[in-house]
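The structure under discussion appears below in the form of C-alpha cells.
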Amino acid sequence: MLICRRKKVVLAISLTFLGWISLVIPAQAGPVPISELVNNAGKWNNQSVELTGEAIGDMMRRGDNAWLNVSQDNTVLGLWGRRELFIPVTQLGDYGHRGDTIRALGEFHLACPEHGGDMDVHITRLEVIEPGTKTAHPPKSIHIWLALAGAVTATVLAVVLKVRNRKG
Amino acid sequence: MVCHDFGSPLRRGISLKLGGEPLERLRQISLHKYSGVLYYTGRIITWVAVLMFIPLLVSALYQEWDIFFDFLLSITFGLTGGFAFQLFPKPQRSISWLEGMVIASLSWVVMVLLSALPFWLSGFYLTYLDACFDAMSGYTTTGLTLVVNLDHMSYGVNMWRQLICFVGGQGIVVLVMSFFLKNAPGSFKIYVGEAKSDKILPNIVHTARAIWFISILFLLIGTAVLALINLWEGLRPDRAFLHGLWIFLAGWSGAGFTPQSQSLLYYHSGAFELGSMLFMLLGSVNFALHYAVLTRNRGELWRNLESRTYVLSILGLLTLVYLGLYRTGLYQGAWNLFRKGFFQLISAHTGTGYQTVVASDFLNQWGSLPVFALIIAMLFGGMSGSTAGGLKMLRVGISTKGIIHDVKRLFYPESAVILTKFRFYNDVVLTDNMVRSALTIIVLYILTFSLGTGVGALYGYPLTVAAFESASATGNVGLTMGLTSPSMPVLIKVTYIFIMYVARLEFLAVFALMALLLTGIRWRRRSLVR
C-alpha cells in the first residue's frame, strides 16, 4: 500500500511538472513557418518564436539597431534587433544572389506598438545556417538572335517609311 | 465571291465582285477610313518601344545581360509593329470622335500586349496572360500583381514596371501628343478617348505639355525627397535613389507597384510613409488645380466643388476607419492609428494601393467597418483630371448636388425656376445633363464592380474578399486581401484585366472599339450571306 501511494505521488508531481513545462515552452518545437506567423498572427502575437528564412534586400541600419527582412516561400517578415546581431549576415538576396539563410529567435508582434503597428519580430539571437550564393542568369541565344532579326526588320521598315515620307 | 468594306458604322456595306477597279476603290475607301486609326496607333506603339530604352540602359548598368536582350527583342518587335502600322497613309483630315476613341482604346490593347513581352521573357511571370495582367495593371495604375519572386527581380524589369505606371497615369496618348504629334487634326478626340477631358489651356497640345511639365516637376522633387529619406533610413545610395524614384513613379500615378513584395511595409519607416502619402495625395489632385495654384489662383483650392467633396469624403471615411480600428484595439496610440488607418485610407482613396498592412490582416484583424470604408474609398477614387481612378470626386459632387437640387424642388411651386450653382474653375450652373452623365458613369462603375464581385464569388471566395478585390480593380487601386495571386483562376484574371481596362478608359472608348468590331463582324456576315 505504501508503494502504491509513492507511485501516485511521483505520478502527480511528474504530471504537474510536465504541465508547467508545456505552458512555458512554445507549443511548436523548432522553427515556425513565416506564412504561419503572418496568416495566424493573432495566435502568435507576443510569443517567442524561432524562424528561418532568406535575408533579402537591404540591411537598414537605424542607430544602434537595424531592420532585416527575411523571406520564406514568398512570405516576408521584418526582423528588428541590435546591429551586432546582424553582423554574420553578409549576403542579401537580390537578382544576382540568393541571400544567407538565417535562423532567428525573438518575440513576434502582430502590430508592434514601438514600430507604428508593423508586423515584426524583435530578435534576441540570429545565426546564418547556410551562406548565400550567386545566381547565374545567362542570356538565351534564341532571344539574342530574335533581337537581331527584329533590329534588321525594324531598320528596313524605318528606311521605307523615311523614303515614302520624303516622296510626300 | 462578294467583297465589302469591313464595318464602319457610318457607311453602308458595298457588295462587289473580286478583282478590277471597284475593288481597288473599295480598298482605297477602307484604307482611307481606317488609316487614321492604324497610323496613330502605330505612332503610339513606336514610342512605347522607344520608352523601353530606359530599362534597357538600367539592365546594362547592372550587367543584367539576359534582361538586356529581352528588352532589345521587345524594342525591335515594337518598332517593327509600329513602323508597319505607320505604312498606312497619314490622314490629312481631322479624325472623327469615333476614330479618336478607337485610337485610344486600340492603342492601349496593343501597348499592353507589347509591354507584357519583357515581363514574360524575364521569367518572373508564370504565363503570358499573367504578364499581360501586370502590364494592364501598370498602365491603368492599378497595381494588382501576379509577379512571382518579386524580391529577386532584376533592376531592369523593376524599372519597366514602375515606368509604365507613370506613363499610364499621365496617359500614353497624352505623352505622344505632347511631343510627337504636334497639332494633329482632331487631337482632342484622342485625348478624350483616354478619359481626359479637362482643357487646362485652350490648345490641347499645350494642355498635354502642361500636364507633363507639372508631373516632371514633381518627379524631380519627389524622387529627391524619397531618396534622401531612404538614404537616412539605411538603404545603399543607388538603391535609395532607385527605390525613391520607383515609389514616386507609382505613388504619384496612383499605381501600387513596389520593388519589394511587402509593399511599403518593407521600409519600416514612418518618414517614408509620410513622404509617399504626400505625393500620393498630390497625384490625385486635378492637374487643372495644380495649374491654378502654380499660377497663383489659390482660392480655387477651397472654392472648387471637387476639392471640397474630396476633403469631406476623406474626413467621413476616416471617421469610419478610426472608429472600427479603435474598437479592435489593434493599434496602440494615435500615431500607430494614423500610420495604419490614415495611410491605408489615403492609399485607397487616391487609388494608389500601397500597403503597410499585411494582406491577411485586412480580413482577419481590421473588422468590417474599416474594410467597408476602404471599399467605398476605392470606388470613389480621386479627382477628375488627375492620375487617380475610381468614380472621381466631381461625379460624386455633381450627383450629390443633383439629389439636393431635386429635394429642394419639392419645397417650391412647380412653376418656380431653381438654379443650383457650383464652382469648378468657373461658376457653373447644374443641369440635368450633367447629373445624368455623372449617374451614367456611376451606374456603369457599379455594374463593373458587381461583375468582378460576382466572378470572385463564383469561385467560392468570401463575399468580403471578392468585393474588396473587385473594388480594387474597378477603382484601379491595387489593395489586396490576397485573392490576386498567380494561382487565381484564369477567368478571374481575364475579368480583372477587362475591368481595369474599361474603368481606366471610363467605358466610352472601349465601347466604341467593341461597337466597331461587332459592326465589322455583322457587315462581313451579311455580305458573305449575299
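Throughout, a chain's letter reflects where its sequence line sits, starting with A, and its residues are numbered from 1.
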Handout entry: chain B contacts, top residue of A:Val38, A:Asn40, A:Leu110, A:Leu148 (heavy-atom pairs, under 4.5 Å)
Key = A:Leu110

Exercise for the section: Against chain A, work out which of B:Gln365, B:Gln332, B:Arg339, B:His152 has the most heavy-atom pairs shorter than 4.5 Å and name it. Expected result: B:His152

Handout entry: Residue, of A:Ala154, A:Gly93, A:Ala158, that accumulates the most heavy atom pairs under 4.5 Å with chain B
Key = A:Ala154

Problem - Salt-bridge criterion met for B:Glu233 and A:Arg61 (N-O under 4.0 Å) - result: no

Exercise for the section: Determine, for B:Arg236 against A:Asp58, whether the closest basic-nitrogen to carboxylate-oxygen distance falls under 4.0 angstrom. Expected result: no

Exercise for the section: Please check if the side chain of A:Glu107 supplies one atom and the backbone of A:Ser48 the other of a donor-acceptor pair under 3.5 Å. Expected result: no

Problem - Contacting region of B:Tyr266 [heavy-atom separation from chain A under 4.5 Å] - result: both

Completion exercise
With chain A, the option among B:Leu235, B:Leu79, B:Ile67 that has the most non-hydrogen atom pairs under 4.5 Å is B:Leu235

Handout entry: Pairs of heavy atoms under 4.5 Å with chain A: top-ranked of B:Lys340, B:Glu273, B:His268, B:Gln262
Key = B:His268

Problem - Which atoms of A:Val152 approach chain B - backbone, side chain, both or neither, heavy atom under 4.5 Å - result: neither

Problem - Whether over 12 other heavy atoms sit under 6.0 Å from B:Tyr326 OH - result: no

Practice task
Fit a plane to each ring of B:Phe362 and B:Trp366, take the angle between them on a 0 to 90° scale, and name the class: parallel (under 30°), tilted (30 to 60°) or perpendicular (over 60°).
Solution key: perpendicular

Fill in the blank from the handout: With chain B, the option among A:Gly117, A:Gly150, A:Gly116, A:Gly96 that has the most non-hydrogen atom pairs under 4.5 Å is A:Gly116

Problem - Polar side-chain atom of B:Gln344 near backbone of B:Tyr354 as donor-acceptor pair, under 3.5 Å - result: yes

Problem - Largest heavy-atom contact set with chain A, pairs under 4.5 Å, which of B:Leu150, B:Asp151, B:Val157 - result: B:Asp151

Handout entry: chain A contact via B:Gln63 - side chain, backbone, both or neither, heavy atoms under 4.5 Å
Key = neither

Exercise for the section: Below 4.5 Å from any heavy atom of chain A, which atoms of B:Thr80 appear? Answer side chain, backbone, both or neither. Expected result: both

Exercise for the section: Would you give the length of the straight line joining atom CZ of A:Phe86 to atom CG of A:Leu68, rounded to the nearest 0.5 angstrom? Expected result: 5.5 Å

What side-chain donor-acceptor pairs closer than 3.5 Å can you find for residues 118-126 of chain B, not counting sequence neighbours?
| unit_1 | atom_1 | unit_2 | atom_2 | d |
| --- | --- | --- | --- | --- |
| B:Ser122 | OG | B:Phe119 | O | 2.6 |
| B:Ser122 | OG | B:Phe124 | N | 3.3 |
| B:Tyr125 | OH | B:Asp134 | OD2 | 2.6 |
| B:Tyr125 | OH | B:Arg161 | NE | 3.4 |

Exercise for the section: Examine whether an atom of A:Pro113 lies under 4.5 Å from a heavy atom of chain B, and if so say whether it belongs to the side chain, the backbone or both; otherwise answer neither. Expected result: both

Completion exercise
Counting heavy-atom pairs under 4.5 Å with chain B, the top scorer among A:Arg62, A:His137, A:His143 is A:Arg62

Exercise for the section: Assign the ring pair B:Trp160 / B:Phe71 to parallel, tilted or perpendicular, where the plane angle (0 to 90°) is split at 30° and 60°. Expected result: perpendicular

Handout entry: Among the listed options A:Asn69, A:Ile56, A:Val156, A:Leu157, the residue most often paired with chain B at heavy-atom distances under 4.5 Å
Key = A:Asn69

Handout entry: Leading residue by heavy atom contact count with chain A [cutoff under 4.5 Å; candidates B:Ser154, B:Ser74, B:Gly270, B:Pro259]
Key = B:Ser154

Fill in the blank from the handout: Tightest non-hydrogen contact, residues A:Cys112 and B:Asn336, listed as O-ND2, 4.1 Å

Handout entry: Region of A:Asn39 that comes under 4.5 Å of a non-hydrogen atom in chain B
Key = both

Practice task
Kindly indicate, with the supporting measurements, whether the criterion salt bridge (Lys or Arg N to Asp or Glu O under 4.0 Å) is fulfilled by B:Asp70 and A:Lys140.
Solution key: CA-CA 9 Å; B:Asp70 291 344; A:Lys140 296 187 178 71; over 6 Å; no

Completion exercise
Under a 4.5 Å heavy-atom criterion, the part of residues 75-82 of chain A in contact with chain B comprises A:Val76, A:Leu77, A:Gly78

Practice task
Indicate the ring-plane relationship of B:Phe68 and B:Trp65, choosing parallel, tilted or perpendicular according to the 30° and 60° boundaries.
Solution key: perpendicular

Problem - Over 12 foreign heavy atoms within 6.0 Å of CG, A:Asn46 - result: yes

Handout entry: Enclosure of B:Trp335 CH2 (heavy-atom neighbours >12, cutoff 6.0 Å)
Key = yes

Completion exercise
Note: vs chain A, highest number of non-hydrogen pairs under 4.5 angstrom among B:Leu363, B:Val358, B:Asp361, B:Leu87 is B:Leu87

